[in-house]
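Quick notes on the structure that follows.
All values reported here derive from a predicted model rather than from experimental measurement. Reckoned from all heavy atoms, side chains included, excluding hydrogens, waters and symmetry mates. Counting starts at 1 for both ligands and their atoms, following the listed order.
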Amino acid sequence: MNNELSNPDIPVPSELQSAVTITSLDKIYNWGRRSSIWPMVFGLACCAIEMICTAASRFDIARFGMEVFRATPRQADLMIVSGTVTKKMVPQIVRLFNQMPEPKYVMAMGACASGGGPFKEGYNVVSGIDKFVPVDVYVPGCPPTPQALLHGLIKLQEKIDSQSLKSVRWYGQETSEAVPVPVLGPDLFDPRQHALLAQQAGQVQENTESVEE
Ligand code: SF4
């Protein structure tokens, strides 16, 4: 048993310390989850090369129990969005996010995934994946080094440590809704904004007709 799990408020007699640890349910639950995060194999551009390096022997991501990259979202806990997020890819990213089981986490790796990066406001790029799926940790850099990615993973572990069984959303009464998958048209179309877009389109049409008359 690991010392970091021990509850310092409840002392254990010295003759029992090699065999007994007193902990809380939250601590042991979070310790198990934070020590076995399985990321999804998912790369979009140059940042993905740094993510691949992080999994190589030099940086040894296995120290954190995170070396099991899964090739399916249904077995993954963490989506590392590593690279430039084009409008064409957003529907696929959201669909993969929806297919991940709870508890699930998202990391925006690099300037592109966090805010558009050098391509911000380009015709084909979105200004950050957090416009579409909830992001837990942002890793700055263009590209971030493997050390920076590992630091982001440690920050994610700290976030998991702070969660409690009593309040996490996946054990709550309410069912969690899937994120609506954006539709790729001439530009991205967000179904959540449908009413507003329809209203604006109607106004434009009315204005055009009144000018023609
Ligand atoms: S942040 Fe830099 S390195 Fe990463 S995908 Fe964008 S351009 Fe490439």
Pair Met100, Gln75 - check side-chain contact (heavy atoms from CB on, under 4.5 Å), show working. CA-CA 7 Å; Met100 290 169 67; Gln75 296 173 355; over 6 Å; no
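Side-chain contact annotation: Arg34 with Tyr29, donor-acceptor N/O pair under 3.5 Å absent. Residues Asn30 and Arg33 bring a donor and an acceptor atom of their side chains to less than 3.5 Å of each other.
Inside a sphere of radius 2.8 Å centred on atom 6 (Fe) of ligand 1, the protein N/O/S atoms present are Cys112 SG.
Between Ile93 and Met79 there is a side-chain heavy-atom pair separated by less than 4.5 Å.
Every residue two or more places apart in sequence or in another chain was checked for a side chain to side chain donor-acceptor pair (under 3.5 Å) with Asn124, and none qualifies.
Figure legend: cation-pi geometry between Lys159 and Tyr105 absent, as NZ or CZ is not positioned both under 6.0 Å from the six-membered ring centre and within 45° of its axis.
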